[in-house]
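All remarks here apply to the structure that follows.
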Amino acid sequence: MGKEALRQLPSVYDPHEVEGNIYAFWEKGGFFHGDVSAPGEVFTVVIPPPNVTGELHMGHALNNTLQDILVRWRRMQGYVTSWIPGTDHAGIATQIKVEADLRKEGLTRHDLGREEFLKRVWEWKEKYGGRIIHQLRRLGASCDWERERFTLDEGCSRAVREVFVDLYNKGLIYQGDYITNWCCECNTALSDIEVEHNDVEGKLYHIKYPMVEGDGWIVVATTRPETMLGDTAVAVNPDDERYRHLVGEQVILPLMDRPIPIIADDFVDPEFGTGMVKVTPAHDPNDFDMGQRHGLDQIKVIGPDGKMTEEAGPYAGLAVLECRRRVVEDLDKAGLLLKVEDHLHAVGHCYRCHSMVEPLVSRQWFVKMKPLAGPAIAAVVDGRIRFVPERFTKTYLNWMENIRDWCISRQLWWGHRIPVWYCQSCGETIAAKEDPEECPKCGSRDLVQDPDVLDTWFSSALWPFSTLGWPEETPELARFYPTSVLVTGFDIIFFWVARMILMGLEFMGDIPFHHVIIHGLVRAADGRKMSKSLGNGVDPLEVVDEYGADALRYTLTTGVAPGNDLRYQPEKVEASRNFANKVWNAARFALMNLDDFLPGELPAELTLADRWILSRYERVVAEVTRQLERFDLGEAARALYDFIWSELCDWYIELVKPRLYGKEGEKARKGAQAVLYHVLAGSLKLLHPFMPFLTEAIWQYLPGASQTIMLESWPVPEGLEDAEGEAAMAAIMEVIRAIRNIRGEKNVPPGKKISAILFMDAGESPLIRENLAYVQLLAGVESLEQRPKAAARPSKAIAAVAAGIEIYLPLADLVDLEEEKRRLGKELDQAREELARSQGKLANENFISKAPPAVVEKERARYSELQQKIEALTARLAEIEE
RNA sequence: GGGGAAGUAGAUCAGUUGGUUAGAUCGCCAUCUUGACAUGGUGGAGGCCAAGGGUUCGAGUCCCUUCUUCCCCA
């Protein structure tokens, strides 16, 4: 590209012009695909499959940006990389959506029938299901699209059957009548973790239960009086002296006129209410357990529709809350309601529809978890799987160690149908991988399949190997399993992460991933959760439209501190957009000066500025790599930002301008080009995982550029670190800042050149002395003189001390002696304070003997520099006084 | 009740083997269109790092207690 064309590159980076084309270019180039037969180390990630019905939200944007950064980084490092995308069929969520559509037509799923309904869901999925996957492309996600999967596709479905039947045959899946959480809205059972407990303002009702013998009565306290209709006992704590004598007696259950026993059970908390509780085994999980221990009847008074059953006698047909009102009223009339207190208690709600959950006894399928949990605990305890940040290990282990059986059947239609058939002739139960034709026991063909489907999370638990072709022994499975990292939010550690670990170990005999990277939530600017009901959600695609994908990615990444939530603030996106523009312009500047350049070796002779920027660059290479290795992507991004903006743009580019403009000869120009190119190209590579579009767009303009920056090799330090160069440059920068500071304070116009006299001794680093031209260049100094410290100071001048160098600016007309005295006095005070602190440290025997020598040495140097500074300032003040 | 996170400049947040002279972004003040960038440059103001104790030569960083906010589990 010629110089003129480059000059016409717009001075403002426009992401819209490039993003779509670049993504298409990458995809067409096949750069995202991990070749299963390629040699080398492998880096595999499976995407947390978004709900197929979903729209991309900020949580997805964050989650997928983080994955993409890791994937792009490892790809550049030469790993054979495959990031496997896909979607989740999301049983309840999807079914609810399609049912809602049907309702608009005045239909229910039952009107259509199972088969017809499923057809509708598939149609719906085909129509909208791809949406979220395409939205990921807008973000720049470098997924291995050839390997895209869906939890309900043929392969994943086979895996589900395989696992179910295998667990069934091992006796780890069983069917039984147990109390489970029932959502009356979704009309299905839920697992324990699908229930969210929220505190609700309720009442605590104290109710009299008359004794069968005599005319005494007892008092029980309950938050759910309507369940008393199904009471089959009253319980007290066996150690409770107050009631010990009553155990074994009977009371009359009011309203139902049924005698029930008083039992003793450790579960009862003597402190709660009256210390006597009613026991309803069919409608409370704790009472259910108690009922099992004491052989109590279960009387189901609430039905799956949320209405009272025939067992509830006169209350049959009432909704639960209505029934509660009536029961309380009737108890009150009968003089059995002693008192009602306000009471805050946790009530279970469905995690999908947020309606109240009813604990009900029903026939469901369960996975026996204890035997599976052992290995899953071991894998984390012994460090084969690591959580990042580590604290989530505790969350995981705590849950795993107290794990309960998993209710996996759902009374839905959309999902993996339970592969169990019942023989209508002989009653045999058949679990089979292939649909059976006839009963293996009696040969009857009259088989009926279990109507229920499996919990969606059952199939997602298999995701790390089902996506790779399991149960087939595919080359992909052999090459890419176990996956490398899993990136996900803390909210699904139990739902998903834990279960993948269980299943991976059970069926692959190996962990599903080595690292679990946990990130937080993206919150609204005010710190609240983004939610549909609050209407405070921000659509990531609108942000991409406005600012570009890179700006959104960078905002999310720099906002991340491991495991913590982050707030989405529009100003931060602006900052990221500005950064992108800064990089664009730095590149534009470089390109304008690289038109006659082709990449090659670094020059043999380096200037101080070159040595400094190369050294700083290598440090940032090491730092970014180190932070990526420890999965702190936020720190990596921030380090890079600071380097590019402050050191590369603010300092190096300014320093290198005269050489690039040819003011110091052709050789100097060539050298500057080589160093600038080296650092710029390297910085772009470092930045690429974070801002893929921008860096690719620039890459395409660089002289001698390869096909794509995506496949460039990740920078590594090449031994260019240079402590001496950094120190000299730091001193010069300090001098420049000191002069700029004075200029600013004295309102010297930037265009006005001034002169400066530096008092420094021959002992100063020659590197500094030889490079004072930088001071002239960047501090607006025209004539610069060096004089020995022994020389006389000019009288009419403004003074400062930086890096042990005394700076005098003879700005005669601007010198106000009184003001100068104040200024110097203030600086002197500050220096003295610091000196005192330093002196304190050095006077401390313990510090000298116990602190590392390097720290002591540093403190000594600081001390003597401060001393010098004070001397100089004092001398200057004395001069003024005269 | 158990576990965890957070409390640092006006706002939002960084700060990981304890060595700091506590940083960034936005905002604020001043100033400047100097041949990459005003989505910019330069300079500046602004913090007893929640409170109290302890360990240490040295604590924003480790330990304990208290207060406040949030999350998970029972």
Side-chain angles (χ1 to χ4, degrees), chain A residues 6-7 9-13 192-193 196-197 269 286 346 389-392 394-395 397-399 402 490-491 493-494 520-521 523 525-529 547 551 555 558-593 626-627 630 632 634-635 637-639 641-642 645-646 649-650 653-654 657 660-661 736-751 778-780 830-831 833-834 837-838 840-852 854-856 858-859 862 866:
Chain A
L6 283 171
R7 285 201 197 287
L9 275 185
S11 67
V12 172
Y13 172 60
D192 296 327
I193 55 177
E196 290 173 349
H197 295 270
D269 173 10
N286 295 315
E390 208 205 329
R391 63 185 140 92
F392 292 104
K394 212 166 174 176
T395 313
L397 288 177
N398 189 46
W399 187 72
N402 298 296
F490 54 72
D491 49 334
I493 291 178
F494 305 144
L521 253 47
R523 295 177 170 274
D526 59 4
R528 291 192 299 178
K529 264 191 188 177
Y547 297 98
T555 301
T558 49
V560 165
N564 288 1
D565 290 349
L566 61 127
R567 297 195 193 195
Y568 174 84
Q569 290 170 301
E571 313 88 72
K572 289 191 193 166
V573 192
E574 271 179 49
S576 300
R577 187 264 325 256
N578 294 353
F579 178 58
N581 194 52
K582 188 76 181 174
V583 175
W584 173 257
N585 275 290
R588 203 164 67 98
F589 167 79
L591 289 167
M592 286 177 186
N593 293 286
R626 186 179 80 90
Q627 296 296 1
R630 52 199 297 280
D632 193 340
E635 276 300 307
R638 287 186 288 268
Y641 181 100
D642 289 342
W645 201 310
S646 312
C649 294
D650 289 348
I653 286 184
E654 293 306 323
K657 276 178 179 174
L660 284 178
Y661 295 155
I736 292 169
R737 285 201 193 94
I739 297 176
R740 282 173 173 175
N741 182 340
I742 293 172
R743 294 184 61 126
E745 277 185 26
K746 297 292 172 191
N747 285 319
V748 180
L778 296 188
Q830 216 170 36
E833 237 174 75
E834 282 177 39
R837 232 181 302 165
S838 179
K841 276 192 192 177
L842 291 168
N844 187 331
E845 272 304 317
N846 284 319
F847 176 69
I848 306 291
S849 58
K850 291 186 182 168
V855 173
V856 178
K858 206 174 150 194
E859 194 59 41
R862 185 170 128 77
L866 281 166

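The model shown is predicted, which means the values in this text are computed figures rather than measured ones.
Comparing the C1' positions of B:U25 and B:A14 gives an interatomic distance of 10 Å, to the nearest angstrom. Comparing the same atom, C1', in B:U12 and in B:A38 gives a spacing of 24 Å after rounding to whole Å. With P as the reference atom, B:U8 and B:G60 are 15 Å apart, rounded to whole Å. Here, B:A50 and B:A5 have their C1' atoms 15 Å apart, quoted to the whole Å. With both ends at atom P, the span from B:C63 to B:U17 equals 15 Å, rounded to whole Å. Rounded to whole Å, the P atom of B:U69 lies 23 Å from the corresponding atom of B:C48. When the P atom is used for both B:C28 and B:U55, the distance is 47 Å, rounded to whole Å. Taking the C1' atoms as reference points, B:G43 lies 26 Å from B:C49, given to the whole Å.
For the pair A:Leu566 and A:Gly559, the tightest heavy-atom approach, listed with the atom from each and the gap, is CB-O, 3.5 Å. Closest approach of A:Asn593 and A:Leu660 over heavy atoms only: CB-CD1, 4.0 Å.
Remark: the backbone N or O of A:Pro562 is not paired with any side-chain donor or acceptor of A:Asp632 at under 3.5 angstrom. A:Arg588 places no side-chain N or O within 3.5 Å of a backbone atom of A:Val12 that could act as its donor or acceptor partner. Under a 3.5 Å cut-off, the side chain of A:Arg743 and the backbone N or O of A:Gly780 do form a donor-acceptor pair. Of the possible donor and acceptor atoms, none in the side chain of A:Arg523 sits under 3.5 Å from a partner among the backbone N and O of A:Asp565.
Between the side chain of A:Glu745 and the base of B:A30, no donor-acceptor pair of N or O atoms lies under 3.5 Å. Scanning atom types as modelled, no donor and acceptor separated by under 3.5 angstrom connect the side chain of A:Arg740 and the base of B:U42.
The separation between A:Ile653 atom CD1 and B:G40 atom C1' is 13 Å, rounded to whole Å. Rounded to an integer number of Å, the gap from A:Ile739 CD1 to B:U31 P is 22 Å. Between A:His197 atom NE2 and B:C72 atom P the separation is 11 Å, expressed in whole Å. Whole-Å rounding puts the A:Arg567 CZ to B:A11 C1' distance at 10 Å. Spacing between atom CE of A:Met592 and atom P of B:A36 amounts to 7 Å, rounded to whole angstrom units. Distance, A:Tyr13 OH to B:G40 C1': 19 Å, rounded to whole Å. Rounded to whole Å, atom P of B:A24 lies 21 Å from atom CG of A:Leu566. As rounded to whole Å, 12 Å separates atom P of B:C26 from atom CZ of A:Phe579.
Side-chain N/O atoms of A:Trp645 include one lying less than 4.0 angstrom from OP1 or OP2 on B:G41. Close to B:C13, at under 4.0 Å from its OP1 or OP2, lies no side-chain N or O of A:Tyr568. In this model, the phosphate group of B:G44 is approached by a side-chain N or O of A:Asn741 to a distance below 4.0 Å at OP1 or OP2. One finds no side-chain N or O of A:Lys529 lying less than 4.0 angstrom from the OP1 or OP2 phosphate oxygen of B:C70. Between A:Arg743 and B:U42 there is no side-chain polar atom (N or O) within less than 4.0 angstrom of OP1 or OP2. A close approach under 4.0 Å does occur between a side-chain nitrogen or oxygen of A:Asn578 and OP1 or OP2 of B:G40. Contact annotation: A:Lys582 reaches the phosphate of B:G41 (side-chain N/O to OP1 or OP2, under 4.0 Å). Taking 4.0 angstrom as the limit, A:Lys394 places a side-chain polar atom (N or O) nearer than this to OP1 or OP2 of B:G4.
The listed nucleotides are B:C70, B:C37, B:G35; the one nearest the side chain of A:Asn581 is B:C37. Each of B:C26, B:A36, B:A14 was ranked by its minimum atom distance to the side chain of A:Glu571; first place goes to B:C26. Between B:A6, B:U31, B:A36, one nucleotide has an atom nearer to the side chain of A:Asn564 than all others, and that is B:A6. Closest to the A:Phe589 side chain, of the nucleotides B:G41, B:A5, B:A36, is B:A36. Checking B:C70, B:A36, B:U12 against the side-chain heavy atoms of A:Arg523 singles out B:C70 as nearest. When distances run from any side-chain atom of A:Asp650 to the nucleotides B:G35, B:G41, B:A14, the shortest one goes to B:G41.
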Polar atom pairs (N or O), protein with nucleotides 19-23 of chain B, under 3.5 Å:
from  : atom 1 : to       : atom 2 : distance (Å)
B:U20 : OP2    : A:Lys858 : NZ     : 3.4

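Under the Watson-Crick or G-U wobble criterion, with both distances below 3.5 Å, B:U68 is paired with B:A6. Partner assigned to B:U25 is B:A11, using Watson-Crick or G-U wobble distances below 3.5 angstrom. B:G60: no Watson-Crick or G-U partner with both key distances under 3.5 Å is found in any strand.
Across all strands, A:Ala575 comes closer than 4.0 Å only to sugar-phosphate atoms, never to a base (heavy-atom distances). Here A:Arg391 lies in heavy-atom contact (under 4.0 Å) with sugar-phosphate atoms only. Base engagement by A:Asp632 is indicated by at least one non-hydrogen atom pair under 4.0 Å involving a base atom. When heavy atoms are screened at a 4.0 angstrom cut-off, A:Glu654 is found touching base atoms of the nucleic acid.
Salt-bridge check for A:Glu635 with A:Arg638: passed, with a basic side-chain N closer than 4.0 Å to an acidic carboxylate O.
With a 6.0 Å cutoff to the six-membered ring centre and a 45° limit on the axis angle, A:Lys582 does not count as a cation-pi contact of A:Tyr13.
For the pair A:Tyr641 and B:A24, the ring geometry does not qualify as stacking, because the centroid separation below 5.5 Å and plane angle under 30° are not jointly satisfied.
Counting heavy atoms from C-beta outward, A:Thr395 and A:Phe490 have side chains that stay 4.5 Å or more apart.
Mapping A:Ile848 and A:Gln569 onto RNA chain B via the closest heavy atom, the residue that lands nearer the 5' end is A:Gln569.
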